[in-house]
Visitor: 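Questions regarding the structure given below will be posed in turn.
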Number of protein chains: 2
Amino acid sequence: MKTDNKLSSILHVILHLAEHNQAMTSETLALYLKTNPVVIRRMMAGLRQAGLVVSVKGHGGGWTMAKPLAAISLQDVYQALGAPRLFAQGYRQDAPQCLIEQAVNASLDSAFAEAERQLLQKFNAVNLSDIAADFELRRQQHLLTLEHSAATAPQTKEE
Amino acid sequence: MKTDNKLSSILHVILHLAEHNQAMTSETLALYLKTNPVVIRRMMAGLRQAGLVVSVKGHGGGWTMAKPLAAISLQDVYQALGAPRLFAQGYRQDAPQCLIEQAVNASLDSAFAEAERQLLQKFNAVNLSDIAADFELRRQQHLLTLEHSAATAPQTKEE
DNA sequence: TTTTCATGTAACTCAAAATATTACATGATG
DNA sequence: CATCATGTAATATTTTGAGTTACATGAAAA
């Protein structure tokens with residue numbers, strides 16, 4: 001199966017948008033994903049309807065965040081995307097006559113339902129500001145690494 | 001995404017096989033799924049390698065269970081199938097340079113890893129005998145329902 | 001020993017779904 | 001009113017699970 005990448009993609013995009021602090025066009029945002037602006041618009045359409053972002057047409061238009069990152073959960077974004085399928089596993093028949101198949105599906109259903117509950121609960125517990133904070137940590141770490149390599153191995157650099 | 005139905009399918013098949021108590025051909029088993037015998041062989045190949053079933057070629061050959069149902073967990077079957085993908089969600093890039101994308105992926109990774117852990121734990125806790133017992137319950141219930149409808153509404157039957 | 005039946009597997013086709021692209025409509029700004 | 005930007009439908013591409021065909025291998029029956 002081809003995986004659905006919308007959630008990871010749009011999170012990446014809107015965190016850049018939030019970082020940027022002013023309207024950005026679909027075309028600019030598309031560069032982050034190396035994709036077509038229409039793909040951005042399609043995903044953002046859901047977020048707009050959910051009130052997470054705002055779009056403005058015409059000159060100087062584009063996308064802006066409608067809420068602070070701390071007020072948006074992973075769950076909000078996931079739902080705004082139309083709650084795409086989480087699991088790659090399915091059943092051959094949804095309502096089988098065969099009692100054996102019914103028993104099999106019931107057993108799998110219970111396992112997957114439990115996992116889904118937990119997953120959505122986690123989505124609900126994570127805000128975009130948490131991810132932004134993690135990004136900030138990584139950025140600090142990255143800067144330290146750069147400084148360190150500059151201090152200890154400057155001779156590897158070309159002049 | 002097109003779902004992977006191998007787990008549900010093969011469980012259905014081997015529970016019928018266990019029920020039957022003697023060798024069954026791929027062709028016969030394929031009837032339960034309304035599919036091609038080769039599809040059965042392909043899935044059963046994994047179970048054979050894992051020692052869950054035995055295959056015999058030639059006249060009077062076919063498939064038989066190699067272990068009692070109580071000695072086989074959902075996890076065993078899932079692994080024998082080659083541990084097909086559980087989640088339909090993925091990332092655009094597996095090892096992104098962008099620190100924002102890294103933070104996004106780390107966050108999603110953690111959520112999905114936790115859900116996967118729980119799911120596999122559940123798979124491990126369920127034996128095929130549990131599913132067979134549920135089937136038996138459903139069968140008893142089904143028979144009662146038939147009796148009941150025969151007793152209360154015999155006039156609806158044709159002579 | 002030869003025929004028949006059954007699995008084993010590679011190669012190819014088919015179908016469904018996510019993503020990408022094209023085309024054009026709508027609306028806002030300069 | 002020309003340009004820029006979103007909105008969205010229609011179509012093409014890509015990926016992957018499942019189905020099909022073809023043929024090899026091996027065992028039992030005739």
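So you know, we letter chains A, B, ... as the sequences are listed, proteins then strands, and number each from 1. Since we're looking at a predicted model, the values are computed, not measured.
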Visitor: Please identify each residue that fulfils side-chain hydrogen bond (donor to acceptor under 3.5 Å, both in side chains) with N105(A), with sequence neighbours left out.
Guide: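 Applying side-chain hydrogen bond (donor to acceptor under 3.5 Å, both in side chains) to N105(A) gives none.
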Visitor: Which residues in residues 103-111 of chain A have at least one heavy atom lying under 4.0 Å from any atom of DNA chain D?
Guide: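 Output list: empty, so none.
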Visitor: Search all heavy atoms of V77(B) against all heavy atoms of L47(B) and return the closest pair with its distance.
Guide: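 In terms of heavy atoms, the two residues are closest at O-CD2, 4.2 Å.
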Visitor: To the nearest angstrom, how far is M24(A) atom CE from dC4(D) atom C1'?
Guide: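 Value for this atom pair: 17 Å.
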Visitor: Under 4.0 Å between a side-chain N/O of S55(A) and OP1 or OP2 of dT6(D), yes or no?
Guide: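 It does not, given that no N or O in the side chain of S55(A) lies less than 4.0 Å from OP1 or OP2 of dT6(D).
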Visitor: Please state whether the phosphate of dA5(D), meaning OP1 or OP2, lies under 4.0 angstrom from any side-chain nitrogen or oxygen of T25(A).
Guide: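 Indeed not, no polar side-chain atom of T25(A) lies that close.
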Visitor: Should T35(A) be listed as having a side-chain N or O under 4.0 Å from OP1 or OP2 of dA20(C)?
Guide: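 For dA20(C), OP1/OP2 do have a side-chain N/O of T35(A) under 4.0 Å.
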Visitor: Both R92(B) and P37(B) contact DNA chain C. Taking the nearest nucleotide for each, which residue is further toward the 5' end?
Guide: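 Residue closer to the 5' terminus by nearest nucleotide: P37(B).
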Visitor: Do any pairs count as a side chain to side chain donor-acceptor pair (under 3.5 Å) and have a residue in residues 128-137 of chain B, sequence neighbours left out, and if so which ones?
Guide: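 Side chain to side chain donor-acceptor pair (under 3.5 Å) check on residues 128-137 of chain B returns D134(B)-R138(B), E136(B)-R139(B), E136(B)-Q140(B).
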Visitor: Can you tell which of dG7(D), dT7(C), dA18(D) lies closest to the side chain of S26(B)?
Guide: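 In terms of side-chain proximity for S26(B), the closest of dG7(D), dT7(C), dA18(D) is dT7(C).
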Visitor: Which nucleotides of nucleotides 22-30 of chain C have their base under 4.0 Å from a protein heavy atom (B), which only their sugar-phosphate (S), and which neither (-), written as one string 5' to 3'?
Guide: BB--BBBB-
Visitor: Heavy atoms within less than 4.0 Å of DNA chain C: which residues of residues 6-14 of chain A have one? Give them sorted by number.
Guide: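 K6(A), in order of number.
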Visitor: For S73(A), which residues count as a side-chain hydrogen bond (donor to acceptor under 3.5 Å, both in side chains) partner, sequence neighbours excluded?
Guide: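 D76(A).
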Visitor: Report the distance from atom CG of D4(A) to atom C1' of dA20(C), rounded to the nearest whole Å.
Guide: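 It is 15 Å, rounded to the nearest whole Å.
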Visitor: For residues 52-59 of chain A, tabulate all N or O donor-acceptor pairs below 3.5 Å that involve a side-chain atom, not counting sequence neighbours.
Guide:
residue: S55(A); atom: OG; partner: R48(A); partner atom: NE; Å: 3.4

Visitor: Under the side chain to side chain donor-acceptor pair (under 3.5 Å) rule, what pairs show up with a residue in residues 23-38 of chain A, not counting sequence neighbours?
Guide: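 Pairs touching residues 23-38 of chain A that pass the test: T25(A)-T28(A), S26(A)-R41(A), S26(A)-W63(A).
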Visitor: Look at the side chain of K2(A) and the base of dT14(D), then say whether one donor and one acceptor between them are separated by less than 3.5 Å.
Guide: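 Such a pair is found, so the answer is yes.
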Visitor: Taking 4.0 Å as the cut-off, does a side-chain nitrogen or oxygen of R48(B) come that near to OP1 or OP2 on dT9(C)?
Guide: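 Yes, R48(B) has a side-chain N/O under 4.0 Å of OP1/OP2 on dT9(C).
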Visitor: Pairs in or reaching into residues 14-23 of chain A: which pass side chain to side chain donor-acceptor pair (under 3.5 Å), with residues at least two apart or in two chains?
Guide: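 Every pair satisfying side chain to side chain donor-acceptor pair (under 3.5 Å) with a residue in residues 14-23 of chain A: H12(A)-H16(A).
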Visitor: With sequence neighbours excluded, what pairs up with S9(A) under the side-chain hydrogen bond (donor to acceptor under 3.5 Å, both in side chains) test?
Guide: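 If we apply the side-chain hydrogen bond (donor to acceptor under 3.5 Å, both in side chains) test to S9(A), skipping adjacent residues, the hits are R92(B).
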Visitor: Over how many whole Å does the gap from E27(B) atom CD to dT20(D) atom P extend?
Guide: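 Rounded to whole Å, this separation is 13 Å.
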Visitor: For residues 95-115 of chain B, pull every pair meeting salt bridge (charged side-chain N to carboxylate O under 4.0 Å, His left out), keeping only residues two or more places apart or in separate chains.
Guide: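 Those involving residues 95-115 of chain B are K122(A)-E114(B).
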Visitor: Identify the heavy atoms of A66(A) and G51(A) that sit nearest to each other, and give their distance.
Guide: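 Heavy atoms only, the tightest pair is CB-O, 3.4 Å.
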Visitor: Nearest whole Å is fine: how far is dG19(D) C1' from L31(B) CG?
Guide: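 Distance check: L31(B) CG to dG19(D) C1' gives 15 Å.
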Visitor: Could I get the full list of side-chain hydrogen bond (donor to acceptor under 3.5 Å, both in side chains) partners for N5(A), not counting sequence neighbours?
Guide: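 In terms of side-chain hydrogen bond (donor to acceptor under 3.5 Å, both in side chains), with neighbours along the sequence ignored, N5(A) is linked to T3(A).
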Visitor: Expressed as a whole number of angstroms, how long is the span from L29(A):CG to dA5(D):P?
Guide: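 Atom CG in L29(A) sits about 12 Å away from atom P in dA5(D).
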